[in-house]
K.L.:
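Have a look at this one.
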Amino acid sequence: MTDIPNTFNLDGEPIRFEPGETILQAALKAGHFIPHLCFSPEFKPHGSCKLCIVVVNNRTGSSCAMKALPGLEVQSDTPDLNHRRRTLLQMLFVEGNHFCPGCEKSGNCKLQALAYDLEMFNDHFTHFFQPREVDASHPDFFLDRNRCINCELCVRASRDVDGKDVFGLAGRGRNSHLVVNSPSGKLGDSTFAKGDKAAEVCPVGALLPKGQGFKKPIGARLYDNAPISQSFGVKEEV
Ligand code: SF4
Ligand code: FES
């Protein structure tokens, strides 16, 4: 327990925060990694992936959605929470078709990097193997829904930054999927452009530029040399 105003404890370390910040925002700014997938400091929290779960004063919640308050006792890096995170990752891997050896995002993928960092050694659950549409209609980008984790970062970027509202989620439960706002439902018929903010936010290999795959040699990719928990501040989050 700390008595310094606007400070909470994260795994025993004091973390300063600005009023209004969430626990995850304050932790990342202070250089303390809490795993997350659907959060980006540039957008409003979404709260869908649940990777950012922490225990706060003995209650479990999403750190991207919980406001930092003075004196909170927050636990994040515990065997139990990391086990739950591994389970969430395994569920994402079997729900989609994430075959990393054939994916050009490999080495630069947040889902894969978190799975490595949290020592996810197998998928554990039965694969759904759902056939999902790949949309290659756009001249510069393709959309592979087999790899989409429904994080809605592209939805928020297109709506809140680009002012275009190109993307949205449709369907329910295991059938929820990314849709494109265009007369045909195809990316090529939408107003999406390669300079859009939405073009740079996908944390996985779902919304990717054409003609760029496998350009970075193995060894030079984003997460080749340092795990995501150590490289997040430098390379990605800021
Ligand atoms: S395409 Fe990428 S950014 Fe958009 S919802 Fe799917 S995983 Fe998230
Ligand atoms: S980062 Fe908090 S729920 Fe996804």
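Keep in mind the model is a prediction, meaning the values are calculated, not measured. Order of listing sets the numbers, starting from 1, for every ligand and every atom in it.
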K.L.:
What atoms of ligand 1 come closer than 4.0 angstrom to any heavy atom of Ala206?
P.N.:
1 (S), 2 (Fe)

K.L.:
Which protein non-hydrogen atom lies closest to atom 8 (Fe) of ligand 1, naming both residue and atom, and how far is it?
P.N.:
Cys151 SG, 2.3 Å

K.L.:
Please check this pair: side chain of Arg145 against backbone of Arg132, looking for a donor-acceptor N/O pair closer than 3.5 Å.
P.N.:
no

K.L.:
Backbone N or O of Gln25 within a donor-acceptor pair of the Thr22 side chain at under 3.5 Å?
P.N.:
yes

K.L.:
Under 4.0 Å between a Lys/Arg side-chain N and an Asp/Glu carboxylate O for Asp144 and Arg147?
P.N.:
yes

K.L.:
To check you understand the geometry: which heavy-atom pair defines the closest contact between Val166 and Ser190, and what is its length?
P.N.:
CG1-OG, 3.8 Å

K.L.:
Out of curiosity, Asn108 CG to Lys215 NZ, how far, rounded to the nearest 0.5 Å?
P.N.:
13.5 Å

K.L.:
Provide the protein N, O or S atoms situated under 2.8 Å from atom 2 (Fe) of ligand 2; waters are not included.
P.N.:
Cys52 SG, Cys64 SG

K.L.:
If the threshold is 4.0 Å, N to carboxylate O, is there a salt bridge linking Lys197 and Glu42?
P.N.:
yes

K.L.:
Counting heavy atoms only, which part of Arg147 comes closer than 4.0 Å to ligand 1: side chain, backbone, both or neither?
P.N.:
neither

K.L.:
Which heavy atom of the protein is the closest neighbour of atom 5 (S) of ligand 1, given with residue, atom name and distance?
P.N.:
Glu152 N, 3.3 Å

K.L.:
Heavy atom of Leu178 under 4.0 Å from ligand 1?
P.N.:
yes

K.L.:
Where does the angle between the aromatic ring planes of Phe17 and Phe8 fall among parallel (under 30°), tilted (30 to 60°) and perpendicular (over 60°)?
P.N.:
tilted

K.L.:
Could you tell me, atom by atom, which parts of ligand 1 come under 4.0 Å of a heavy atom of Val204?
P.N.:
7 (S)

K.L.:
Any salt bridge between Glu104 and Lys210, counting N to O under 4.0 Å?
P.N.:
no

K.L.:
Out of all atoms in ligand 1, which are within 4.0 Å of some heavy atom of Cys154? Include the element for each.
P.N.:
1 (S), 3 (S), 4 (Fe), 5 (S)

K.L.:
Can Asp196 and Lys164 be counted as an ion pair, charged N to O under 4.0 angstrom?
P.N.:
yes

K.L.:
Quick one: sort the His36 and Phe33 rings into parallel, tilted or perpendicular, breaks at 30° and 60°.
P.N.:
tilted

K.L.:
Among all protein heavy atoms, pick the one closest to atom 6 (Fe) of ligand 1 and tell me residue, atom and distance.
P.N.:
Cys148 SG, 2.3 Å

K.L.:
Atom 2 (Fe) of ligand 1 to Cys202: any N/O/S contact under 2.8 Å?
P.N.:
yes

